[in-house]
Structure formats: structure tokens, C-alpha cells
> 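Below is a structure I'd like to ask you about.
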Protein chains: 2
Amino acid sequence: MSVDATVTPESWDEQLRESGLRVTAGRRAALEFLDDHPHSSAADILAGLSDDIPSISAQSVHNIVHDLTRHELVRRIDLPDSGSARYETRTHDNHHHVQCVVCGRIEDVDCVVGHAPCLTPDDVHGMTVLTAEITFRGVCPECEPTLRDRDPQY
Amino acid sequence: MSVDATVTPESWDEQLRESGLRVTAGRRAALEFLDDHPHSSAADILAGLSDDIPSISAQSVHNIVHDLTRHELVRRIDLPDSGSARYETRTHDNHHHVQCVVCGRIEDVDCVVGHAPCLTPDDVHGMTVLTAEITFRGVCPECEPTLRDRDPQY
DNA sequence: CTCGTAGTTTTGAGTTCATCAAAATATTGG
DNA sequence: CCAATATTTTGATGAACTCAAAACTACGAG
Ligand SMILES: [Mn+2]
Ligand SMILES: [Mn+2]
Ligand SMILES: [Zn+2]
Ligand SMILES: [Zn+2]
């Protein structure tokens, strides 16, 4: 059983350089944090990085995720509720998400097709469809009892 | 050729009353406006209603769409870009949307299945999937030339 | 028809998330 | 190590939405 070593902690430095971005403590820490905590908000990242980098500011986190998103080292996702944008290091695999309507928990859902667009609808008003962003909404196992309490007919 | 008369302007009043909501000028006007201008934002609605109801406030529009959404007379949609939430009178038909990445134009896309959830992925981490919100992203016919100018390899 | 009450709108303030701009600082090639 | 330029920080600003209380209105009871 061998672990895929294409994404080691140090490789973030390489990926940053390959994108023409300078290697900074904030960017490296943000990438490491997002790899460990997918679907984090800018505020989550700020909180997660403040211990290691006390000087980091909210504005810096926004700058960082913006730059990393633009160079496709991270992916930005905007889920229906969830107030703020979320970020993750899983890019280029066209995966989707399932979100618990009770607790907000977010999990990845592999794309059945594996490439964009994974669906092709009938009538798209003449538009050329590039991607299909899918957000499944449901109830996670932990929240099912909660929901049954509130609405026994479930 | 007969027009479906199930949704006449006056029927908004009935639908409001059936939901236990009082019939007010703002609510009636908002429903009429949204029926004519689907996928409008709260700001769009405010602008569209200000002529007829000069006293209307931004807060009122938020109250109105919130109440109408809660009683399912309108549907709220949150699209990836687009900053603000959008609203429409087409409810209960589980339809989806296609959005032009250049100009932001939004169009309806009928659900192929016709009922939620229209997709059932393999692994959803034990969650019970209720709905699948799909946003197709692409380029509309009007914007294709623009895109070709910027990036000739298209 | 009038009145009273609960529902609704308005007014005003406040929050969160994100952006813009300029000064301070750090990275990196030479 | 230095200079050039990218990045971070600081500070201000904006957009969308929410909260709370006062003013107003729809509508059913009388
Ligand atoms: Mn993901
Ligand atoms: Mn629609
Ligand atoms: Zn849950
Ligand atoms: Zn377009």
C-alpha cells in the first residue's frame, strides 16, 4: 500500500513557484491549512493561521485565497447558504458537494462523469455549457435524529 | 390557442391569503414584478417597485421576499457569482439555471427528471439527499464573439 | 361601518464579508 | 547584499443583509 507522494507539504513551494508566485509564510500556511481543513472560509483560515503567524490579517487571507484561486492552486466554492465563500485544495477534478441542511456540514461528492460538464441539459437557450456545479442538499446521519424530533413524520 | 389562466394577476391575492399572509401593495407588486422579471435581486425589486410605491424601503423588500420565500410563493436562488440572492415565482418545479460567465445572464433549465433529487450520486457520506441544485456555467450566444476576441483559440 | 389587534412596513442602527488604496515589509534575481 | 517588485499590512469604504422598535395598515369582530 503506497501513498501518492505527488502532494507533499514541501511541494506547495514548488507549485507556488511554478505559478510565478512568491513563496511566503502566509501562502504556505494557507495551503497546508486548506489541505487539512477543506471547505474553510476566509475567517476559518485566518483563525487557523493566527497561531503560527500572529501578524496575519484578514485582508492578507483574502489576498492569498484570491491569488491562489486565480492560479488554480485552490478552488473557491460558493454554497447556497453558508454566508461566505469556501476554499479547498482539490482542484481540476470537477467534484461536487453535499451539504447538510441542518448543521451545514459539507462533504465532497465525486463526479460520476469525471470531467466537466458532467450533465448536458436539453435546452440551454443557445448557451455553450462549460461546467455544471452541483450542490446536493440533505441531512447527515448525525442530524437525522434531530430532524425526527422536530418533525416526527420524517 | 388558449392561455393558461391559473396565474392571473389577481390570483396573487388568493395565494397570499391561502398562505395566511395579508395582501399588501408591496407583496402584490413584488410578486407581479418577479413574475415579469425572474431572477431579480432585492435591489432589482426595490428599483422596480419604487415608481409605483415610492415609500417602499430596502428593508421592506427584504421582509417581503423573506416572507414569500418562507411560504413558497417565491423561490430564492443563490448563484455562484452574482453577489446577491435572486428570486423568482417559479416554485415547486425543481428547475435549474444556466449562467453566462461573461455577462451574467441567467436562464432557466428544465429539470430532466422533473422532481428532486434529480441526481443520486454514489457516495454521499451517509447523508440522505433531498435535492440537487445545479448551476450550469457557460457562454451565451451574444458573448461568444467577445470571448473569441479575447482568446482566439476558442 | 368602526374599532382593535395582530401583522406589516418603515426608520435607524449594526454586522458580516469583501474590496480598494497606499504605506510598510518581504522575497528573489542579480 | 541590494534593488526591484511582489506581498502584506493598515485603514477606509461598500454591498448585502439582519436586528429592533416605532409607525402604520389590513382585516375580522362587533
Ligand atoms: Mn470539495
Ligand atoms: Mn429560474
Ligand atoms: Zn448535519
Ligand atoms: Zn453572456
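Numbers restart at 1 for each chain; the letters A, B, ... are given by sequence-line order, proteins then strands. Only heavy atoms go into these numbers, but all of them, side chains included; no hydrogens, no water, no symmetry mates. All values reported here derive from a predicted model rather than from experimental measurement.
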> Can you tell me how far C1' of C:dT27 sits from CG of A:Asp13, to the nearest Å?
12 Å
> Find out whether B:Glu133 and A:Pro80 are in side-chain contact, i.e. whether some heavy atom of one side chain is under 4.5 Å from a heavy atom of the other.
yes
> Nearest to the A:Ser57 side chain among D:dT18, D:dT9, D:dT5, which nucleotide is it?
D:dT9
> Is there a donor-acceptor pair under 3.5 Å between the side chain of B:Arg27 and the backbone N or O of B:Arg22?
yes
> Base, sugar-phosphate alone, or nothing: which one does B:Thr24 contact when heavy atoms must sit under 4.0 Å apart?
sugar-phosphate
> Can you tell which of D:dT9, C:dT10, D:dT5 lies closest to the side chain of B:Ser55?
C:dT10
> Contact between A:Phe136 and B:Leu130 at the side-chain level, heavy atoms closer than 4.5 Å - yes or no?
no
> Would you indicate what A:Ser84 reaches in the nucleic acid, counting non-hydrogen atoms under 4.0 angstrom: base, sugar-phosphate, or nothing?
sugar-phosphate
> At 4.0 Å (heavy atoms only), tell me whether B:Ala85 reaches a base, stays on the sugar-phosphate, or touches nothing.
sugar-phosphate
> Whole angstroms only, please: what is the CG-C1' distance between A:Leu31 and D:dT7?
15 Å
> Please determine whether a side-chain nitrogen or oxygen atom of A:Arg17 lies at a distance below 4.0 Å from atom OP1 or OP2 of C:dT27.
no
> Do A:His71 and A:Leu21 have side-chain heavy atoms sitting under 4.5 Å apart?
yes
> Whole-Å distance between C:dT9 C1' and B:Arg22 CZ?
12 Å
> For this output row, return yes or no: ring centroids of B:His39 and B:His37 closer than 6.0 angstrom.
no
> What about A:Gln59, does its side chain sit under 3.5 Å from the base of C:dC20 through a donor-acceptor pair?
yes
> From the options D:dC17, C:dT28, C:dA6, select the nucleotide whose nearest atom is closest to the side chain of B:Ala42.
D:dC17
> Strictly below 4.0 Å: does A:Ser60 bring a side-chain N or O up to OP1 or OP2 of D:dT8?
no
> Would you state whether a donor and an acceptor, one from the side chain of A:Arg27 and one from the base of D:dT7, lie under 3.5 Å apart?
no
> If I take atom CD1 in residue A:Ile64 and atom C1' in nucleotide C:dA18, what distance separates them, rounded to the nearest angstrom?
15 Å
> Relative to the 5' end of DNA chain D, which residue comes earlier, B:Val23 or B:His62, by the nucleotide with the nearest heavy atom?
B:His62
> Which residue, B:Arg76 or A:Ala25, contacts DNA chain D at a nucleotide closer to its 5' end, judged by nearest heavy atom?
A:Ala25
> How long is the line joining NE2 of B:His71 and C1' of C:dT8, in whole Å?
13 Å
> Would you mind reading off the distance between A:Asn63 atom CG and D:dT5 atom P, rounded to a whole angstrom?
20 Å
> Please report, rounded to the nearest Å, how far the P atom of C:dT19 is from the NE2 atom of A:His66.
7 Å
> Measure CG/B:Asp81 against P/D:dA16 and give the value in whole Å, please.
14 Å
